[in-house]
Amino acid sequence: MRDKDKNEMIGGVTDMTRGPVTGHILAFAIPMLMGYVFQQFYSMVDTVIVGKFLGVHALAGVGSTGAISFMIIGFCTGICAGFSIPISQSFGARDHVQLRRYIANSIWISIVFAILVTLLVCSLTGTILHAMNTQDDIYQYAYDYIFIVFAGIPATILYNLTSCIIRAFGDSRTPVWFLLLSSVLNIVLDLLSIVYFGMGVEGAAYATVFSQLVSGVLCAIYMYRHFEIIRCSREELKPSRHHIKRLLYMGIPMGIQYTITAIGSVILQTAVNGLGYMSVAAVTAGGKVRTFFCTPYDALGSTIATFAGQNVGAGRMDRVKKGVISSALIGSIYSILGLLIMIIFGAPLSLLFLDEAEAGIIEMTKYYMVIDAAFGIPLTFVNVFRFAMQGMGYSGRAIFAGVLEMIGRGAVAFFLIPIFGFPAACFAAPAAWILADLFLVPACFGCIKKLSQTP
C-alpha cells in the first residue's frame with residue numbers, strides 16, 4: 001500500500017521537481033533560515049552569558065575552542081548531510097524501497113560513528129588544546145567547555161541525521177519548531193546553570209548538549225509518527241553492504257570536506273591564540289555575530305543540496321542549473337544588505353558580548369566583522385556551488401574546495417599574521433573563500449553539463 005502510487009506525497013513535504021524554481025528555493029530556504037537563526041541564537045546566548053557573567057577570560061576560553069569544535073562537529077554534520085543525499089535522490093525518483101533501505105543503514109552507520117568519534121575526541125581533548133597553543137590563562141575554561149560538548153556528540157549526530165532526513169523530503173519547517181523549543185530551553189538552562197547555580201562554562205556546555213538532544217529526540221518521534229513511508233519492514237532494517245557503501249561514499253567526503261576546511265580554521269585559531277586574549281576575545285565576539293549573519297548562506301546551501309538531489313533523481317538537470325543561479329543571486333543581494341548592517345551596527349552588536357569598558361576589543365571586533373561582511377558574495381558562491389555539487393552526488397570533488405580553503409587560511413596564519421598581526425587574521429576567511437570559488441564555480445557547472453548528457 002505504501003508504494004502503490006508513484007506520485008504519492010507525504011504530508012508536510014515538498015516535491016521540488018515541479019513548479020517555480022525560485023519559489024521552491026525561497027519556500028524551503030526561509031524555514032531553514034529560521035532554523036539556523038534559532039540554532040545560532042542559543043549558541044550566541046552561551047557566549048553572551050559567559051562574557052557578561054564569567055568575564056573576558058572565560059569568553060576567550062570558550063571562543064578558543066571554536067575552530068576545533070567546528071572541525072569535529074562539522075565532520076559529524078557533514079556525514080549526516082551526505083547520508084541524506086541518496087535519500088533525497090530516492091525520493092525524487094519515487095523509489096520508496098531504496099529510500100527506506102538508505103534510512104535504515106544510515107542509522108546503523110550513525111550509531112557506530114557516534115560511539116567511535118566521541119571516545120576518540122574526548123580522550124584527546126587536552127592534547128588538542130595544547131597543540132593549538134591555548135594560553136594558560138584561558139586553558140581550563142576551554143577544556144571544561146569543549147570536553148562536555150564533545151561528550152554530547154551522539155546528541156549532535158541524532159539531531160543532524162533526523163533533521164537532514166526530514167529535509168530530504170522537502171520539509172524544512174518541522175525541524176524549526178523543535179529548534180525553537182530547544183532554543184528557549186537552552187536560554188533557561190544557561191541562566192539557571194551559570195547565574196543561579198554558578199556552574200561556570202560547564203553549565204553553558206551542558207545546556208547546549210541537552211537542548212540539542214531534545215531537538216533530536218523530537219525530530220525522531222515526529223518523523224516516525226508522521227512519515228509512514230519510512231517505516232521499514234524487518235528485511236529493510238537489515239544492514240546492507242551496497243547501501244552502506246553508497247552512504248559512506250556520500251557521507252565521508254562531506255565530513256572530510258568540513259574537517260579539511262576546519263583544519264585551516266584550527267591553524268588560524270592557533271595563530272590568533274598566540275596574539276593574546278584581546279585578539280581571541282575580538283575574534284570570538286565577532287565570529288559569533290558573523291556566524292549569526294551567515295545563516296542565510298547556510299540556508300541557501302542546504303536548500304540547493306536538497307533541490308539538486310531531488311531533481312537529479314527525477315532527471316531534471318535544467319532545474320538544477322536554474323536553482324543554482326537563483327540561489328547565487330539571492331545570496332548576493334543579501335550580502336550587500338549584510339555589509340551595510342555591519343558598517344552601521346558593528347559596534348553596538350559587539351556590546352552583546354563585551355563590556356563597554358573594553359573599548360579596544362570592541363573596535364577590533366567591529367573591524368573583524370566589517371572586513372568579513374565585505375566578502376559576502378564569495379561566501380555565497382562557496383555555499384551554493386559546493387552544496388549543489390554535493391546534492392548532485394559529487395561529494396568527492398567538494399573535498400578539493402575544502403583543501404583550497406585550508407590553504408587560504410593556513411597561508412594567512414603562517415605568513416601574514418606574524419607580520420601584520422590581528423588585521424591579517426580578518427582577511428583569512430575571505431582569502432579562503434575566493435580561492436575555493438576559483439575551483440567551485442566552473443566545477444559545478446561542469447557537473448551539471450556532465451549529468452545533462454548522461455541518460
Side-chain angles (χ1 to χ4, degrees), residues 32 35-36 39 69-91 99-118 120-121 149-150 152-172 174-176 178-179 182 208-209 211-224 227 230 239 243-262 298-299 301-306 308-310 383 386-387 389-391 393 395-396 398-399 402:
M32 281 288 298
Y36 281 121
Q39 197 169 29
S69 176
F70 175 65
M71 185 173 75
I72 304 301
I73 303 301
F75 175 79
C76 299
T77 302
I79 60 172
C80 292
F83 294 163
S84 72
I85 292 173
I87 296 172
S88 65
Q89 291 178 348
S90 298
F91 178 78
L99 182 149
R100 288 190 288 274
R101 295 301 299 270
Y102 280 125
I103 290 176
N105 283 275
S106 68
I107 293 173
W108 292 120
I109 300 173
S110 296
I111 292 173
V112 174
F113 269 111
I115 296 172
L116 294 179
V117 174
T118 302
L120 179 64
V121 297
V149 171
F150 284 162
I153 283 175
T156 300
I157 291 180
L158 172 64
Y159 169 72
N160 280 282
L161 180 64
T162 52
S163 62
C164 283
I165 291 174
I166 293 173
R167 289 168 186 148
F169 294 149
D171 179 5
S172 61
T174 299
V176 174
F178 298 139
L179 269 178
S182 68
T208 298
V209 171
S211 300
Q212 194 161 51
L213 176 63
V214 170
S215 292
V217 171
L218 290 176
C219 279
I221 294 173
Y222 176 88
M223 189 171 63
Y224 183 79
F227 299 158
I230 71 169
H243 294 87
I244 289 175
K245 182 178 178 181
R246 173 70 173 166
L247 288 164
L248 292 176
Y249 178 78
M250 289 292 153
I252 290 181
M254 288 187 70
I256 292 175
Q257 180 261 311
Y258 274 90
T259 301
I260 291 174
T261 302
D298 297 328
S302 297
T303 296
I304 195 61
T306 300
Q310 285 196 15
N383 279 273
R386 179 174 64 197
F387 279 94
M389 289 173 62
Q390 292 170 343
S395 298
I399 292 179

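Given the structure is predicted, the values throughout are model-derived calculations rather than measurements.
Here the shortest heavy-atom pairing between P175 and R167 reads CB-NH2, 3.8 Å. Here the shortest heavy-atom pairing between S215 and S182 reads OG-OG, 2.8 Å. Considering every non-hydrogen atom in both L158 and V217, the closest pair reads CD2-N, 3.8 Å. Smallest separation of non-hydrogen atoms from C76 and I157: CB-CG1, 3.8 Å. Among all heavy-atom pairs drawn from L161 and F83, the shortest one is CD1-CD1, 4.1 Å. Of all heavy-atom pairs spanning F169 and Q310, the tightest one is C-NE2, 3.7 Å.
Atom-to-atom distance recorded for S106:OG and I85:CD1 is 12.5 Å, nearest 0.5 angstrom. Here the CZ-CD1 distance, from F113 to I79, works out to 5.0 Å after rounding to the nearest 0.5 Å. Remark: M223 CE to I221 CD1 distance equals 10.5 Å, nearest 0.5 Å. Considering CG of D298 and CG of N383, their distance stands at 5.5 Å, rounded to 0.5 Å. Put simply, NE2 on H243 and CZ on R101 are 5.0 Å apart, with the number rounded to the nearest 0.5 Å. For the atom pair CG of L116 and CD1 of I111, the computed distance is 12.0 Å after rounding to the nearest 0.5 Å.
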I244 vs I109, side-chain contact (heavy atoms from CB on, under 4.5 Å): CA-CA, chis, key distance, verdict: CA-CA 7 Å; I244 289 175; I109 300 173; 3.9 Å; yes

Worked check of side-chain contact (heavy atoms from CB on, under 4.5 Å) between T174 and C219: CA-CA 8 Å; T174 299; C219 279; 6.0 Å; no

CA sep, side-chain torsions, deciding dist, call: W108, V112, side-chain contact (heavy atoms from CB on, under 4.5 Å): CA-CA 7 Å; W108 292 120; V112 174; over 6 Å; no

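Annotation: side-chain hydrogen bond (donor to acceptor under 3.5 Å, both in side chains) contacts involving residues 72-90, sequence neighbours excluded, comprise Q89-R246.
Using modelled atom types, no side-chain atom of T118 and backbone atom of I115 make a donor-acceptor pair closer than 3.5 Å. At least one donor-acceptor pair closer than 3.5 Å links the side chain of T162 to the backbone N or O of Y159.
The shortest distance between side-chain heavy atoms of I87 and I165 falls below 4.5 Å.
Using cut-offs of 30° and 60° for the angle between ring planes, the Y222 and F178 rings count as perpendicular.
By the side chain to side chain donor-acceptor pair (under 3.5 Å) test, T156 pairs with Q212, sequence neighbours left out.
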